Amino acid sequence: MKYHQINSGLFVKNREKFTAQMKPKSVAVFNSNDIYPVSADSTLPFAQHRDIFYLSGVDQEESILLLFPDAPYEHLKEILFLRETNEHIAIWEGEKLTKERAFQVSGIKTVFWLQDFDKTLKEIMMYAEVMYINTNEHYRSAVETETREDRFIKKWKAQYPAHTVAKSNPILQRIRSIKETEEIDLIQQACNITEKGFRRLLSFVKPNVMEYEVEAELIHEFVRNRSKGFAYTPIIASGNNANVLHYIENNQQCKAGDLLLLDVAAEYANYSSDLTRTIPVSGSYSERQKAVYNAVLRVKNEATKILTPGTLWKQYHVEVGKIMTSELLGLGLIDKADVQNENPDWPAYKKYFMHGTSHHMGLDTHDYGLLHEPMEANMVFTVEPGIYIPAEGFGIRIEDDVVIQKSGEPFNLMRNIPIEADEIESLMNA
C-alpha cells in the first residue's frame with residue numbers, strides 16, 4: 001500500500017461499535033472484493049470492499065472477517081481468514097499478509113488461512129442462532145455484477161436455512177456515517193493531496209491545453225503524494241461540457257474565454273475527498289462569469305451554515321433551493337412569474353440547478369448514511385451547488401467537504417484550497 005499504516009486501534013473501535021448492535025448469539029461475515037477480469041489475463045486494479053476494510057484494516061483480496069461476540073470460546077469471537085502466503089506468491093505477486101502482520105494491521109488475534117473457513121464456520125453455526133448478511137443497500141447502488149459477498153450469502157443461507165437472517169447494512173449505515181477522529185484525519189490527508197493537485201493546475205491551465213493533459217497533471221501530483229489516484233472518475237469539463245453533469249470523456253481542447261469545471265479529488269488510504277472548482281481557461285473570468293461564480297459561492301457558503309446536528313437532509317435541500325432561487329432571480333435567469341407558477345415537484349430553480357447539494361462522504365465518495373435520520377456531529381458532507389447555463393456556454397459548480405460540529409458552523413476540510421474568484425485569477429496569472 002502507498003499509504004502509511006493506520007493504527008489498528010481505529011479498527012478495534014469500529015468492530016466494537018458494530019458488535020454492540022448485534023443481536024444475541026449472532027455471527028456476521030464480511031468478504032473482500034473480487035479482482036475483476038477485463039479480458040484474457042487482464043484485470044482491473046484491486047479495490048477493497050469498504051466494509052471489511054472499515055472493520056479490520058485488511059486491504060487484500062481473498063480475505064474474510066467473522067464476528068461472533070457471544071462465542072463460547074475467546075478465540076472464536078473475531079477471526080480473520082486470509083489466503084495463505086508463501087515464497088512463490090511473494091515472488092510473483094508481492095508480499096501478502098502473514099498472520100503476525102494481520103494482527104498488527106487489524107488488532108485481531110485469531111488469524112486462520114482460508115482453507116480453514118468452512119470447518120470453522122460449521123463449528124460456529126452450532127453455537128449461533130442469527131446470521132448477519134452484508135448486502136449493498138446504499139440508496140444510489142445499481143449493481144449488476146455478482147460480487148464475492150453475493151456468492152457467499154447464497155451459499156451461507158442455503159447451508160444453514162434454520163438460522164434467522166439479519167442485515168449488517170443498517171448498522172454500518174449508522175456507524176460508518178459518524179467518523180472517528182482518525183478517519184477525519186485520513187480524509188483531511190486526502191483533501192491536502194487534492195489541494196496540491198489543484199494548485200499545480202492553476203499554473204498549468206491555459207488556452208489550447210487538452211482536458212486529458214489536465215487529468216495527467218493531477219494523477220502525477222496525487223500518486224507522488226501516496227494516493228492511489230482519483231477518488232472517483234474525474235470530470236474535467238471545459239466550456240459547454242460542464243453542462244453535462246457526469247462528463248468524463250476529458251478529451252476536448254480548453255479554449256480561450258471558456259471556463260473549466262474540475263470535479264476532481266484524491267483518495268488516501270481508501271478514504272475519499274471530493275472537490276469541485278471552476279476556473280477561467282484564460283486566467284480571468286468575464287464579468288458575467290464572475291457574477292454567476294460569486295452567486296454559486298454565496299449559495300455554497302449559506303448552505304454550509306445549515307449543516308448542523310438535527311438537520312434533516314430532505315428539508316435541508318428545500319432551504320438550499322430557496323437560497324438558489326434568490327440568486328437566480330438576481331442573475332436574471334428566472335423571474336418572479338417563474339417562481340409563482342413553478343411545479344412544487346420541480347421548482348423553477350431546477351432548470352439551472354438540477355442535482356442535490358450535499359451527500360455523505362468518507363470511505364466511499366457517496367458514503368454510507370441514513371438520509372431520513374437527523375444529521376449528527378462528526379458526519380462529513382460535501383457542499384456542491386452549481387448553476388448550468390447551456391445557452392451561455394458554461395456551467396459553474398463549487399464544492400467543499402465539511403465536518404458537522406456539535407455547535408456552530410461545520411469545519412471545512414478544504415479551507416486552504418483557493419476558492420475566491422479573485423484569488424484564483426491572481427494565482428493563475430502569477
Side-chain angles (χ1 to χ4, degrees), residues 198 202 205 235-247 257-264 274-307 315-343 346-359 381-402 409-410 412 414-415 417-428:
F198 180 67
L202 294 178
V205 170
I235 298 169
I236 301 169
S238 61
N240 243 328
N241 294 333
N243 294 309
V244 179
L245 296 183
H246 292 105
Y247 171 82
D258 277 352
L259 295 183
L260 178 62
L261 188 153
L262 301 154
D263 192 336
V264 291
D274 193 354
L275 173 79
T276 308
R277 293 290 187 269
T278 308
I279 66 175
V281 172
S282 299
S284 298
Y285 299 93
S286 71
E287 184 177 347
R288 175 62 168 174
Q289 289 169 347
K290 185 173 287 190
V292 177
Y293 186 95
N294 286 332
V296 175
L297 183 56
R298 286 192 294 270
V299 175
K300 188 199 78 76
N301 290 339
E302 291 304 309
T304 301
K305 296 175 185 178
I306 309 173
L307 292 172
Q315 185 59 39
Y316 162 77
H317 281 96
V318 172
E319 296 303 314
V320 175
K322 295 175 183 177
I323 300 167
M324 179 59 80
T325 297
S326 177
E327 292 293 345
L328 293 176
L329 286 167
L331 291 168
L333 290 168
I334 60 175
D335 57 31
K336 290 182 179 179
D338 293 323
V339 178
Q340 290 169 352
N341 299 320
E342 69 184 9
N343 179 350
W346 192 256
Y349 77 84
K350 287 286 189 180
K351 180 178 179 181
Y352 297 99
F353 175 40
M354 60 293 296
H355 59 78
T357 309
S358 295
H359 57 77
F381 278 92
T382 63
V383 190
E384 49 180 311
I387 295 176
Y388 308 92
I389 319 175
E392 298 185 33
F394 68 88
I396 294 173
R397 183 164 66 251
I398 304 172
E399 176 182 21
D400 280 337
D401 306 332
V402 302
E409 293 186 22
N412 189 350
M414 292 181 158
R415 61 201 175 279
I417 301 179
I419 194 169
E420 296 288 343
D422 291 344
E423 182 183 9
I424 289 171
E425 289 179 328
S426 177
L427 291 168
M428 292 187 75

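All values below were derived from every heavy atom in this structure, side-chain atoms included, with hydrogens, water molecules and symmetry-related copies excluded. In this text, all values refer to a predicted model and were calculated from it rather than measured experimentally.
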Q: Kindly compute the distance separating CG (Leu329) from CG (Asp335), expressed to the nearest 0.5 Å.
A: 7.5 Å
(Q) Counting only heavy atoms not in Lys351 (residues, nucleotides, ligands), do more than 12 fall under 6.0 Å from its NZ? (A) no
Q | Atom pair CD1/OG1 of Ile398 and Thr278 - distance to nearest 0.5 Å | A | 6.0 Å
Q.
Using the rule side-chain contact (heavy atoms from CB on, under 4.5 Å), only one of Leu307, Ile306, Val383, Val299 pairs with Thr357; which is it?
A. Val383
Q) So, do Leu275 and Thr382 sit near enough that their side-chain heavy atoms are less than 4.5 Å apart? A) no
Q | Note, Phe198 side chain near Ile279 side chain (heavy atom, < 4.5 Å) | A | yes
(Q) Quick one, Asn294 and Arg298 - any side-chain contact, counting heavy atoms below 4.5 Å? (A) yes
Q) Do the side chain of Glu327 and the main chain of Val296 share a donor and acceptor less than 3.5 angstrom apart? A) no
(Q) Any heavy-atom pair between the side chains of Val402 and Ser358 that's under 4.5 Å? (A) no
**Q.** side chain to side chain contact (heavy atoms under 4.5 Å, CB included) evaluation trace for Leu245 with Tyr388
**A.** CA-CA 9 Å; Leu245 296 183; Tyr388 308 92; 3.7 Å; yes
Q.
Using every non-hydrogen atom in the two residues, find where Met354 and Lys350 come nearest and quote the distance to one decimal.
A. CB-O, 3.5 Å
Q.
When you compare the side chain of Glu420 with that of Leu297, does any pair of heavy atoms fall below 4.5 Å?
A. yes
Q) In Å and rounded to the nearest 0.5 Å, what is the CZ to OH distance from Phe394 to Tyr285? A) 11.0 Å
Q.
To the closest 0.5 Å, what do you measure between CD1 (Ile396) and NZ (Lys290)?
A. 11.5 Å
Q | Pair Arg415 + Asp400: basic N to acidic O under 4.0 Å | A | no
Q: Might you work through the side chain to side chain contact (heavy atoms under 4.5 Å, CB included) test for Tyr247 and Leu261, ending with a clear yes or no?
A: CA-CA 10 Å; Tyr247 171 82; Leu261 188 153; over 6 Å; no
Q. Going through the distances and angles, do Asn240 and Asp258 end up as a side chain to side chain contact (heavy atoms under 4.5 Å, CB included)?
A. CA-CA 9 Å; Asn240 243 328; Asp258 277 352; over 6 Å; no
**Q.** Distance in Å, Asn301 CG paired with Ile419 CD1, rounded so as to fall on 0.5 Å steps
**A.** 6.5 Å
**Q.** Check: Lys300 main-chain N/O paired with Thr304 side-chain donor or acceptor under 3.5 Å
**A.** yes
Q | Test item: Tyr293 and Leu259 side chains (from C-beta on) under 4.5 Å apart, heavy atoms | A | no
Q. Okay, side chain of Arg397, backbone of Arg277: is any donor-acceptor separation there less than 3.5 Å?
A. no
Q: Verify, without hydrogens or angle tests, whether Asn243 (side chain) and Ile389 (backbone) share a donor-acceptor contact under 3.5 angstrom.
A: yes
(Q) So, taking the atom named CD1 in Ile424 and the one named OG in Ser284, what distance separates them when rounded to the nearest 0.5 Å? (A) 11.5 Å
Q: Determine whether Leu260 and Ile236 make a side-chain contact, defined as any pair of heavy atoms from C-beta on separated by less than 4.5 Å.
A: yes
Q. Pro385 and Met324: which non-hydrogen atoms are nearest, and at how many Å?
A. CB-CE, 4.2 Å
Q. Should Leu331 and Ile387 be marked as a side chain to side chain contact (heavy atoms under 4.5 Å, CB included) after you check the CA-CA gap, both sets of side-chain angles, and the distance that decides it?
A. CA-CA 11 Å; Leu331 291 168; Ile387 295 176; 3.8 Å; yes
Q: With the side chain counted from C-beta on, respond yes when Pro418 and Leu202 share a heavy-atom pair under 4.5 Å apart, and no when they do not.
A: yes
Q: Please state whether the rings of Tyr349 and Phe353 are parallel, tilted or perpendicular, taking 30° and 60° as the class boundaries.
A: tilted
Q | Where Ala242 and Gly395 come nearest, the two heavy atoms and their spacing | A | CB-O, 3.7 Å
Q: Answer yes if the side chains of Glu384 and His359 hold a donor-acceptor pair under 3.5 Å, and no otherwise.
A: yes
